[in-house]
Number of protein chains: 2
Amino acid sequence: MTEGAQAAGGRDAAAVDRFVERFAAELTEAGMQRMASRVFAALLASDTGSLNAAELAERLQISPAAVSGAIRYLSQVSMVGREREPGSRRERYRLHSELWYETFTRRDQVLIRWQQTLREGADSLGPGTPAAQRISETAEFFAFLHAEMTQIMDRWRAHKADRAAEQATETVGDPER
Amino acid sequence: MTEGAQAAGGRDAAAVDRFVERFAAELTEAGMQRMASRVFAALLASDTGSLNAAELAERLQISPAAVSGAIRYLSQVSMVGREREPGSRRERYRLHSELWYETFTRRDQVLIRWQQTLREGADSLGPGTPAAQRISETAEFFAFLHAEMTQIMDRWRAHKADRAAEQATETVGDPER
DNA sequence: CCTTAACTTCACAAATTTCTGAAAGAAGCG
DNA sequence: CGCTTCTTTCAGAAATTTGTGAAGTTAAGG
C-alpha cells in the first residue's frame, strides 16, 4: 500500500498473484470449482488474455492434469476457447471476447429450466392451493428475470460499443482484436 | 401426465415430493448446500410457506441436526425467518415474503465485492497494460449489472403490485397474510 | 424450581471431491 | 514412419464436506 510497487518495465508479480488468488477465491465461494477459478483468474490477469498449459501450470503451481481438468470445465461453459499455437504443438487457452455475454446466456438457460420445474410443481400441487400460487409466482419471477437479463446484455453491449466508439476517435483499429 | 392425480381433498403427496426433490436438486446444482436446498423447496411447496423442524425432518427424512444446519444457512442468507409457534415451544420456519428481493439484494453485495477486487487488481497490473484494461472493463460490467439489478427488482415489485391490485378487485384482503 | 420438549452443538463415520503421478493418446517434425 | 512434445485419462491418496447420534443448552409449563 505504501509503495507503488511495479518497477520500471516489469509489473509487481507478487501483487498480481495476490489478485489472481483473491479473485479466484471469490469465484470459488460463489460456487465455481477451485482450479477452474484459478485458471480463469490467471487468464484474466494476462496481457494477451491467453496462456498455454505450461504457463498456467507454472504460475499456479499445479499439475498438467489439473490444468486439463479446469480447461475442460471452462470450455464447457464457454468461458475460454482453445486454439493452436502456430508453429508449435502447444495449445493456447483464450478468454472469449464475448465473455460475459456467453456466461450469462448460459446462466439464462438455468432460469428457463427452473421455470419449467416450478410450473410442473404448481400443477402437482393443484391449482387453487396457496402453495401452487406461491410457486407460480416464483416461476413468473424467473420468466420476468429472464426477459430482463436478455435486455440487460443488449444494453451492456451497446454501452460497451459506445465507449469503443469514443476510443476509436483516437485509435482507429479493428474491434475484434 | 395421463392422470389428474390429486384425489378429492388431499393432493398427490408423491408428486409433490417429486417436485421438492427435483427443484432442490436444481438449486444444489447451482451451488446451494444440499440440505438447505431441500428444506427451502419443502417450504416453498407448503401451503402456509412455513413448517416446523419436526415436519421438515419427517417430510425429508433427515435428522433434527440436519434441519438445524440447513435453517442456520437459510436464515443467514435471509431466505427464511424463524418465529415461535404460539402456545408451544416449537419454532416455525417461514419463507420471507420479500423472498427474492432479499435473496438478490444479497447477491448484489457479491457483485460489489467482486468489483472492488477487480479494481484493485487493475491497479496492481499497472494502468495502461492490456490486462488492466480488461479487468477494468470487467469491473465496469459488474457495476453496470449492479445498477441494472436494482432497477429490475423495483420493476418486479411494481409488476407484482399491479397484479395484486387486479386480484384485490375480487378478494379484498390483508396483503401480509 | 424441576421437568420436559425442542433445538443446537459436537465428534465422528461415511461419502464425495480434488489433485496428483503415471501411463496412454494425439500430432507435428525430422 | 518413428521420435518427441504436449495433452488427456485414469486410479488412487489426501483433503474436504456432509449428515448423524448423542450430549448439551435453553426455556416453557407445571
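Keep in mind it's a predicted model, so treat the numbers as computed, not measured. Below, all heavy atoms of this structure are taken into account, side chains as well, without hydrogens, waters or symmetry copies. Naming convention: chains lettered A, B, ... in sequence-line order (proteins, then strands); numbering from 1 in each chain.
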Item to check | Side chains of B/Thr117 and A/Glu26, donor plus acceptor under 3.5 Å | outcome: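 Result is yes, a qualifying pair exists.
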
Whole-Å distance separating the [atom1] atom of [X] from the [atom2] atom of [N]:
{"X": "B/Glu83", "N": "C/dC7", "atom1": "CD", "atom2": "P", "answer": "13 Å"}
{"X": "A/Glu85", "N": "D/dT5", "atom1": "CD", "atom2": "P", "answer": "15 Å"}
{"X": "A/Arg34", "N": "C/dT20", "atom1": "CZ", "atom2": "P", "answer": "10 Å"}

Checklist entry - Just checking B/Gln33: base, sugar-phosphate only, or nothing, at a heavy-atom cut-off of under 4.0 Å? => result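 Touches nothing.
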
Item to check | Salt bridge B/Glu120-A/Arg22, side-chain N to carboxylate O under 4.0 Å | outcome: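 Salt bridge present between B/Glu120 and A/Arg22.
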
Next on the checklist: Tell me whether A/Arg92 is salt-bridged to A/Glu85, with the criterion being a basic N under 4.0 Å from an acidic carboxylate O.
Outcome noted: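 A salt bridge is present here (some side-chain N lies under 4.0 Å from a carboxylate O).
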
Item to check | Within 6.0 angstrom of B/Arg107 CZ, more than 12 heavy atoms from elsewhere | outcome: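 No, because the 6.0 Å sphere around CZ of B/Arg107 holds 12 heavy atoms or fewer from other groups.
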
Give me the distances for all protein-to-nucleotides 24-29 of chain C N/O pairs that come in under 3.5 Å?
none

Under a 3.5 Å distance rule, please check whether [X] uses its side chain to pair with a backbone N or O of [Y] as donor and acceptor.
{"X": "B/Asp47", "Y": "A/Ala131", "answer": "yes"}
{"X": "B/Arg94", "Y": "B/Glu83", "answer": "no"}
{"X": "A/Arg134", "Y": "B/Ser46", "answer": "yes"}

Item to check | Plane angle bin for B/Trp100 and A/Phe141 - parallel if under 30°, tilted between 30 and 60°, otherwise perpendicular | outcome: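 Plane angle under 30°, so parallel.
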
Tell me which donor-acceptor pairs under 3.5 Å the side chains of residues 64-72 of chain B have, and how far apart each pair is, sequence neighbours excluded?
none

Item to check | Contact list for DNA chain D against residues 42-60 of chain B - heavy-atom distance below 4.0 Å | outcome: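 Heavy-atom contacts with DNA chain D come from no residue of residues 42-60 of chain B; none.
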
Checklist entry - Can you list, by residue number, the residues of residues 67-82 of chain A that have a non-hydrogen atom closer than 4.0 angstrom to DNA chain D? => result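 Within residues 67-82 of chain A, the residues near DNA chain D are A/Ser68, A/Arg82.
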
Is [Y] close to [X] at the side-chain level, that is, under 4.5 Å between some pair of heavy atoms?
{"X": "B/Leu118", "Y": "A/Phe23", "result": "yes"}
{"X": "A/Tyr93", "Y": "A/Leu74", "result": "no"}
{"X": "A/Val77", "Y": "A/Thr103", "result": "no"}

Distances under 3.5 Å only, N/O to N/O: pair up the protein atoms with those of nucleotides 20-23 of chain D.
residue: D/dT20; atom: OP2; partner: B/Ser63; partner atom: N; Å: 3.2
residue: D/dT20; atom: OP2; partner: B/Ser63; partner atom: OG; Å: 2.9

Without placing hydrogens or testing angles, list every side-chain donor-acceptor pair under 3.5 Å for residues 144-158 of chain B, not counting sequence neighbours.
residue: B/His146; atom: ND1; partner: B/Asp108; partner atom: OD2; Å: 2.9
residue: B/Glu148; atom: OE1; partner: A/Arg155; partner atom: NE; Å: 3.3
residue: B/Glu148; atom: OE1; partner: A/Arg155; partner atom: NH2; Å: 2.6
residue: B/Glu148; atom: OE2; partner: A/Arg155; partner atom: NE; Å: 3.3
residue: B/Thr150; atom: OG1; partner: B/His146; partner atom: O; Å: 3.0
residue: B/Arg155; atom: NE; partner: A/Glu148; partner atom: OE1; Å: 3.3
residue: B/Arg155; atom: NE; partner: A/Glu148; partner atom: OE2; Å: 3.3
residue: B/Arg155; atom: NH2; partner: A/Glu148; partner atom: OE1; Å: 2.6
residue: B/Arg157; atom: NH1; partner: B/Glu98; partner atom: OE1; Å: 3.4

